[in-house]
Number of protein chains: 2
Amino acid sequence: MNIGQAAERSGVSAKMIRYYEGIGLITAPARTGSNYRVYGEDEVHVLRFIKRARTLGFSVEETATLLGLWQDRSRASAEVRDIAKEHIVALETKIAELNGMVSTLKHLVHCCHGDDRPDCPILDDLAQGNPQ
Amino acid sequence: MNIGQAAERSGVSAKMIRYYEGIGLITAPARTGSNYRVYGEDEVHVLRFIKRARTLGFSVEETATLLGLWQDRSRASAEVRDIAKEHIVALETKIAELNGMVSTLKHLVHCCHGDDRPDCPILDDLAQGNPQ
DNA sequence: TATAGACCTTCCCATTATGGTAAGGTCAAG
DNA sequence: CTTGACCTTACCATAATGGGAAGGTCTATA
């Protein structure tokens with residue numbers, strides 16, 4: 001099948017398929033006489049794997065590692081589990097950070113009367129005691 | 001004061017101060033005869049405002065709007081509040097997305113025995129029924 | 001058979017916000 | 001006068017994705 005079909009069936013855009021090939025995440029597929037890329041079921045499976053990993057927030061680099069482990073029939077599941085665990089920690093750190101921002105902002109919004117007067121605690125906080 | 005001092009006093013790196021000037025977020029400061037940028041207290045205040053807004057997760061573009069409102073003595077606080085509210089919604093959407101990833105991953109990690117055997121539910125999920 | 005339209009190819013550019021580096025000018029202290 | 005710490009501009013890199021241009025190919029239909 002052509003790249004468009006592979007894109008549709010995997011959920012990875014044609015643009016990104018070429019990109020993944022360029023950075024070596026996937027191997028270059030066969031070409032037709034007119035230089036079109038040709039994909040089979042195996043390639044689509046790999047692309048779906050990548051898509052799923054990316055959807056779960058793994059970076060392309062982490063995805064590459066996971067892909068390698070997937071294709072290594074003798075890998076230890078502990079390795080995969082460690083990567084997943086580290087990723088969870090990273091995600092939770094990010095979530096905590098965002099939660100911190102949200103609570104600060106909610107407090108500020110709560111304090112701001114939000115009418116047509118210029119007085120605004122939100123801006124006052126941003127200015128943090130700066131005059132003007 | 002020179003850019004290094006302004007950077008130290010505002011928490012914005014010299015590199016970023018020049019960048020903000022380049023994109024028009026801040027106005028170009030005066031220069032010495034030897035072409036050094038010269039900053040005063042006012043500029044440092046503006047930089048601190050920017051730093052705080054960025055820390056709260058506002059994009060540079062949103063920061064520009066907030067900065068405009070800050071410097072507009074006749075602005076309505078409702079305008080600022082709306083921007084903050086929209087930003088909260090965006091942050092909460094992002095948080096929900098990350099939480100979804102985390103719970104999926106936690107489930108998978110829980111299912112994975114994580115020893116030296118190759119069998120791994122995490123990879124199986126990524127492959128989503130793909131053979132190999 | 002000719003042509004239109006939907007594909008494909010490569011190459012270049014843009015995004016967001018930040019950091020790094022290199023080559024060169026300036027300033028202050030010793 | 002030299003040294004080291006500063007400043008200047010300019011260019012490159014990041015991560016992952018999209019957009020578009022210029023040109024080749026394939027297929028269905030008039």
Side-chain angles (χ1 to χ4, degrees), chain A residues 1-26 28-40 43-44 46-67 87 90-91 94 97-98 101, chain B residues 1-26 28-40 43-44 46-67 87 90-91 94 97-98 101:
Chain A
M1 81 193 79
N2 285 341
I3 198 170
Q5 273 240 298
E8 198 180 345
R9 303 218 7 222
S10 65
V12 180
S13 72
K15 201 91 188 186
M16 289 314 294
I17 295 176
R18 294 194 196 97
Y19 172 71
Y20 290 151
E21 181 187 325
I23 63 171
L25 179 60
I26 57 180
R31 300 278 186 136
T32 67
S34 52
N35 208 31
Y36 283 20
R37 289 172 179 83
V38 180
Y39 298 92
E43 280 93 343
V44 171
V46 169
L47 289 170
R48 284 204 191 120
F49 182 101
I50 292 168
K51 178 68 180 179
R52 175 76 173 146
R54 299 285 300 118
T55 299
L56 287 175
F58 289 100
S59 69
V60 169
E61 203 176 341
E62 287 168 323
T63 301
T65 305
L66 291 169
L67 197 52
H87 186 50
L91 290 175
K94 186 70 188 168
E97 195 183 318
L98 294 177
M101 292 178 190
Chain B
M1 81 194 78
N2 285 341
I3 198 170
Q5 273 241 299
E8 197 181 344
R9 303 221 3 224
S10 66
V12 179
S13 72
K15 199 89 188 187
M16 290 311 296
I17 294 176
R18 295 194 195 97
Y19 172 72
Y20 290 151
E21 181 187 325
I23 63 172
L25 179 61
I26 57 179
R31 301 277 186 135
T32 65
S34 54
N35 209 29
Y36 283 22
R37 289 172 180 81
V38 180
Y39 299 91
E43 280 93 343
V44 171
V46 168
L47 289 171
R48 283 203 191 121
F49 181 101
I50 292 169
K51 178 69 180 177
R52 174 77 173 144
R54 299 285 301 118
T55 299
L56 286 175
F58 289 99
S59 68
V60 169
E61 203 176 340
E62 287 169 323
T63 302
T65 305
L66 291 169
L67 197 51
H87 186 50
L91 290 174
K94 186 72 189 165
E97 194 183 320
L98 295 177
M101 293 177 189

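A, B, ... follow the sequence lines: proteins, then strands. Residue 1 opens every chain. From a predicted model like this one, the values you see are computed outputs, not experimental measurements.
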Below 4.0 Å: OP1/OP2 of [N] and any side-chain N or O of [X]:
X	N	value
Arg31(B)	dT26(C)	no
Arg37(A)	dT9(C)	yes
Tyr20(A)	dT17(D)	yes
Ser59(B)	dT16(C)	no

Restricting to non-hydrogen atoms, name the atom on Ser10(B) and the atom on Leu47(B) that form the minimum distance, rounded to 0.1 Å. CB-CB, 3.5 Å
Please report, rounded to the nearest Å, how far the [atom2] atom of [N] is from the [atom1] atom of [X].
X	N	atom1	atom2	value
Arg54(A)	dA15(D)	CZ	P	11 Å
Ile17(B)	dC6(D)	CD1	P	14 Å
Asn2(A)	dT9(C)	CG	P	7 Å
Lys15(A)	dC13(C)	NZ	C1'	10 Å
Tyr19(B)	dC12(D)	OH	P	18 Å
Tyr39(A)	dC8(C)	OH	P	10 Å
Leu25(B)	dT18(C)	CG	P	11 Å
Asn35(B)	dA10(D)	CG	P	11 Å

Distance check, rounded to the nearest 0.5 Å: Glu62(B) atom CD versus Leu56(B) atom CG? 11.0 Å
About how many Å separate NZ of Lys15(B) and CD1 of Ile3(B), when rounded to the nearest 0.5 Å?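 One finds 10.5 Å between CD1 of Ile3(B) and NZ of Lys15(B).
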By nearest-nucleotide position on DNA chain C, the 5'-leaning member of Met16(B) and Gly33(B) is Met16(B)
Between Ile3(A) and Ser34(B), just flag the one whose closest nucleotide in DNA chain C comes earlier from the 5' side. Ile3(A)
side-chain contact (heavy atoms from CB on, under 4.5 Å) assessment of Thr63(A) paired with Arg54(A): CA-CA 7 Å; Thr63(A) 301; Arg54(A) 299 285 300 118; 3.8 Å; yes
Taking donor-acceptor contacts at under 3.5 Å, does the side chain of Tyr36(B) reach the base of dG25(C)?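 It does, because a donor-acceptor pair links the side chain of Tyr36(B) to the base of dG25(C) below 3.5 Å.
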What does Arg18(B) touch in the nucleic acid at a heavy-atom separation under 4.0 angstrom: a base, only the sugar-phosphate, or nothing? base
Remember a base hit wins even if backbone is also touched, and classify Thr32(B) as base, sugar-phosphate or nothing at under 4.0 Å, heavy atoms. nothing
Residue pair Arg37(A) / Arg18(A), side-chain heavy-atom distance below 4.5 Å: yes
